2 protein chains.
Amino acid sequence: MVTLYDVASRAGVSIATVSRVLHGHGAVREDTRVRVSAAIEELGYVPDGAAQSLARNRKDVIGLVCAEHSGLKPDQYDIESMSLMFYDEVMRGVEARIRERNLSLLITFLREDETLGAPEPEGGPVDARLRELSGKVDGLLIGEGILAPHALAKHARRMPLVVIAGDTAQKGTDMVSADNGSGARALAEHLIVDHGKRRLFHIDGPVTAPDAAARRMALQEVVEANPGTVVVGTYTGRFSVASGQAGTERLLAAGGPLPDALVCANDQMAIGALHALAAAGIRVPQDIAIVGFDDIFPASLCDPPLTTVHQPIRMLGERACDRLIARIADPAMRTKLELLPTELVLRSSCGCPPGPARRREIKPVPRRKPAAAPALAAVTVGVGAVAAKSPLLPTTER
Amino acid sequence: MVTLYDVASRAGVSIATVSRVLHGHGAVREDTRVRVSAAIEELGYVPDGAAQSLARNRKDVIGLVCAEHSGLKPDQYDIESMSLMFYDEVMRGVEARIRERNLSLLITFLREDETLGAPEPEGGPVDARLRELSGKVDGLLIGEGILAPHALAKHARRMPLVVIAGDTAQKGTDMVSADNGSGARALAEHLIVDHGKRRLFHIDGPVTAPDAAARRMALQEVVEANPGTVVVGTYTGRFSVASGQAGTERLLAAGGPLPDALVCANDQMAIGALHALAAAGIRVPQDIAIVGFDDIFPASLCDPPLTTVHQPIRMLGERACDRLIARIADPAMRTKLELLPTELVLRSSCGCPPGPARRREIKPVPRRKPAAAPALAAVTVGVGAVAAKSPLLPTTER
DNA sequence: TTGGTCCTTGTAAACGCTTACATTCTCGGC
DNA sequence: GCCGAGAATGTAAGCGTTTACAAGGACCAA
């Protein structure tokens, strides 16, 4: 291994001078600079990152912890796992920011079976992995649902940490999330106001999922705000295609008049519903409208293409990264919850005319203040520039 | 920051003892061990990764360098960029291996505009990024086409390095790649032998792409080996949906009898071809058969579902990682090119009956020895276990 | 008791870098 | 030719670990 000493002795200077040349810091005479540069080049010297970190007292590395589906074999890499793309895109957002600042990105996947279930006991495997990780980074970005709140808080006390797409009710931790509530609200209003749908059937997500909760609450608010509108039934699915299909089959089996629209808590379940309806010979959107949520890639491919809500996933990564870097710089900064605006994507499954998708920016709607959480340090709703320039539900062709 | 010294003084021992407890190395009396563990826990001590790396003289980190498409905005995250999933899946393979050995994974994306074009001058941006990276890792995994061969060789001399899916003609560097040749050969044989197609039209990839070259060569060999079979025309596309569509439109515009089949160098172009044919009212596979390559996710969704060749992408990551770890352990090891077997995925676009995809393992076919490269250090073709148990083109239902 | 073994623990020297501070040059003004 | 100010360079003290080696204790046999 080539070290500073090797370069120094080759160039006939001290290691301090080599270091100065390397970073262009102190003043170095031009001819020495040239001599040293030559030595560096000839020896192929590359500074040792570990030694630099130690001496500078910072690692210039930030860690990203993603939740990975468990036991997924390569050939099962199907629509269910498309949600994997969530972290892939988050990662790209993070990486873009990281790079601008000359930092590095350390990635860890946590398997589903490691992360779910009861709050992990102290010293469990996830806890241990996280500890080890934290010795190698300046700060941590953690995806939703990876750690139980108390464990999260514990780690956050020890090191800079930002949660991505977490439970927005949780306080005292930096968090960046998509504005599920406003998205779901806009979607419901589109169905009810624009398309005059009155009788809705709700294919809900799991009760444990915080984003499902936000979407559910928004739907209810819109329904309440529009007299004559009613949720004729709810099926609690598991965010999978199969459960969307099952829920729809059960709805059909129950008989009675069809509802006007099926509101699905995510795209996968909407796709499942589409399958079930097609099998029953029911036409979408003529006989019944369907909407999803998330705008996963296949949403634009199915028949009819799905009206849904797009999440700014990559931006989630960027913002979370910005926040983390800010916190590393100032550990005393107040914690914040930042909600990013979503976007309505109108395709034809809701009854809109076929053709290219139309997109609507969604103006963030201040959430009902959660009764039990008045002490939230700060809430940033939406993002200045984007929110400011968008009037309520403008339609923009792209 | 809590250090070894803090723990040591709290437990009333020396730092050496704390270190021993931490790693369970030397003998430590039970009661001291307990005392030290308690101190560690109470103080929330986490060893500093940089200091450990420095003292141990290894980083326990490996780097993965991926090529990212440039200027891709979030809402353009469409089928063209599905190839991004390539690295996402490679990454998961790598991560799986990394984790088993308690290493960490450092990720860097290189943008297309940084990586393409003429061999980069010394000290260019990519070179600089790579240098910096290499100070932080024990070894590097580099994706195809990121560095010009000579630059690659230069870096490989300086540190352990394995190329993923690179130009298989290049020698002297460790490389793990999918067996494009055997895959393309099997696909062509399926069309010609099993379906009796005789007149093929080839929608080829860019001349600069090494995998396109491998596929092209295999197609030609199969055609030559089957008298009466002919490639009636070739269109050189750019691996995009649009170019597949354009190539097909040009074929149709030329008039004359339709060929029996369209052999596309990747799935994206096959999908473009499908669009063009549908627009012209030509039925697939009744009027013409189509096959793609890569088995990207949407290949199973289009109409008709695409017959194609599946690449073991995740395994690519795993093998490359294994190889890298081996090289780190033994830098003097001979370099190897490892080709992983591909898999034929039979759906209905080739004329096979509709229904669930059938998959065929592909027995690796030794490649024609490239005339100009006899000095290849070693060639491993296929993978022992898989290759051994599969007779020529067995059909396996899954 | 004494000497010799183990077992346990402590001491101190790396590891390769950054950087505060000390030292040596260089050079213009007198 | 000398002085002083700045510029250029060198010296050395960390940074937080690991680990070779030394040293101290406990215990047993003689």
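Because the structure is predicted, anything quoted here is derived from the model rather than measured.
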Engineer: Measuring only between side-chain heavy atoms, which start at C-beta, is B:T335 closer than 4.5 Å to B:R327?
Structural biologist: yes
Engineer: Whole-Å distance between D:dC15 P and B:D6 CG?
Structural biologist: 11 Å
Engineer: Using nucleotides 19-22 of chain D, report all nitrogen or oxygen pairs with the protein that are shorter than 3.5 Å.
Structural biologist:
none

Engineer: Once you round it to whole Å, what is the distance between P of D:dG16 and CG of B:D48?
Structural biologist: 7 Å
Engineer: Measure the spacing between NE2 of B:H150 and NE2 of B:H155 and express it to the nearest 0.5 Å.
Structural biologist: 9.0 Å
Engineer: How close do B:L316 and B:A165 get, counting heavy atoms only, and between which atoms?
Structural biologist: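 Minimum heavy-atom separation between B:L316 and B:A165: CD2-CB, 4.3 Å.
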Engineer: Looking at every strand, decide which applies to A:N57 at a 4.0 Å heavy-atom threshold: base, sugar-phosphate, or nothing.
Structural biologist: nothing
Engineer: Expressed in angstrom and rounded to an integer, what is the separation of B:R29 atom CZ from D:dG24 atom P?
Structural biologist: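 After rounding, the reported distance stands at 17 Å.
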Engineer: Is any side-chain heavy atom of A:D88 closer than 4.5 Å to one of B:R92?
Structural biologist: yes
Engineer: Roughly how far, to the nearest 0.5 Å, is CG of A:L22 from CD1 of A:I15?
Structural biologist: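 Here the interatomic distance stands at 12.0 Å.
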Engineer: Can you pull the contact range of chain B along DNA chain C, 5' to 3', using atoms under 4.0 angstrom from its heavy atoms?
Structural biologist: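 Span of nucleotides near chain B: C:dT8 to C:dG16.
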Engineer: Round to a whole Å and report the spacing from CD1 of B:I40 to P of D:dT17.
Structural biologist: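 To the nearest whole Å, that distance equals 10 Å.
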Engineer: For DNA chain C, whose closest nucleotide is more 5', that of B:A51 or that of B:G12?
Structural biologist: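 Final value for this comparison: B:G12.
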Engineer: Give the intermediate values and the outcome of side-chain contact (heavy atoms from CB on, under 4.5 Å) for residues A:D174 and A:L324.
Structural biologist: CA-CA 8 Å; A:D174 280 307; A:L324 181 60; over 6 Å; no
Engineer: Let me spell it out: for each of B:R35 and A:L54, pick the nucleotide of DNA chain C with the closest heavy atom. Which residue's pick is nearer the 5' end?
Structural biologist: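 The residue closer to the strand's 5' end, by nearest nucleotide, is B:R35.
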Engineer: Quick one: A:E30 CD to D:dT9 P, roughly how many Å, whole number?
Structural biologist: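 About 11 Å, once rounded to whole Å.
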Engineer: Does a side-chain N or O from B:Q52 land closer than 4.0 Å to OP1 or OP2 of D:dG16, or not?
Structural biologist: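 So the side chain of B:Q52 is outside the cut-off, no N or O lying under 4.0 Å from OP1 or OP2 of D:dG16.
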Engineer: I'd like to know if B:E41 and A:R131 make a salt bridge, using a cut-off of under 4.0 Å between side-chain N and carboxylate O.
Structural biologist: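 Yes, this pair counts.
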Engineer: Could you give me the CA-CA distance, side-chain angles and deciding distance for B:K154 and B:D127, then say whether salt bridge (Lys or Arg N to Asp or Glu O under 4.0 Å) is met?
Structural biologist: CA-CA 10 Å; B:K154 201 187 91 192; B:D127 202 67; 3.7 Å; yes
Engineer: Using a heavy-atom cut-off of under 4.0 Å over every strand shown, decide if A:T32 touches base, sugar-phosphate, or nothing.
Structural biologist: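 A:T32: backbone/sugar contact only, no base atoms under 4.0 Å.
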Engineer: Between side-chain atoms of residues 47-56 of chain A and protein atoms elsewhere (two or more places apart, or another chain), which donor-acceptor pairs fall under 3.5 Å?
Structural biologist:
residue: A:D48; atom: OD1; partner: B:K59; partner atom: NZ; Å: 2.8
residue: A:D48; atom: OD2; partner: A:A50; partner atom: N; Å: 3.0
residue: A:D48; atom: OD2; partner: A:A51; partner atom: N; Å: 2.8
residue: A:S53; atom: OG; partner: A:G49; partner atom: O; Å: 2.9

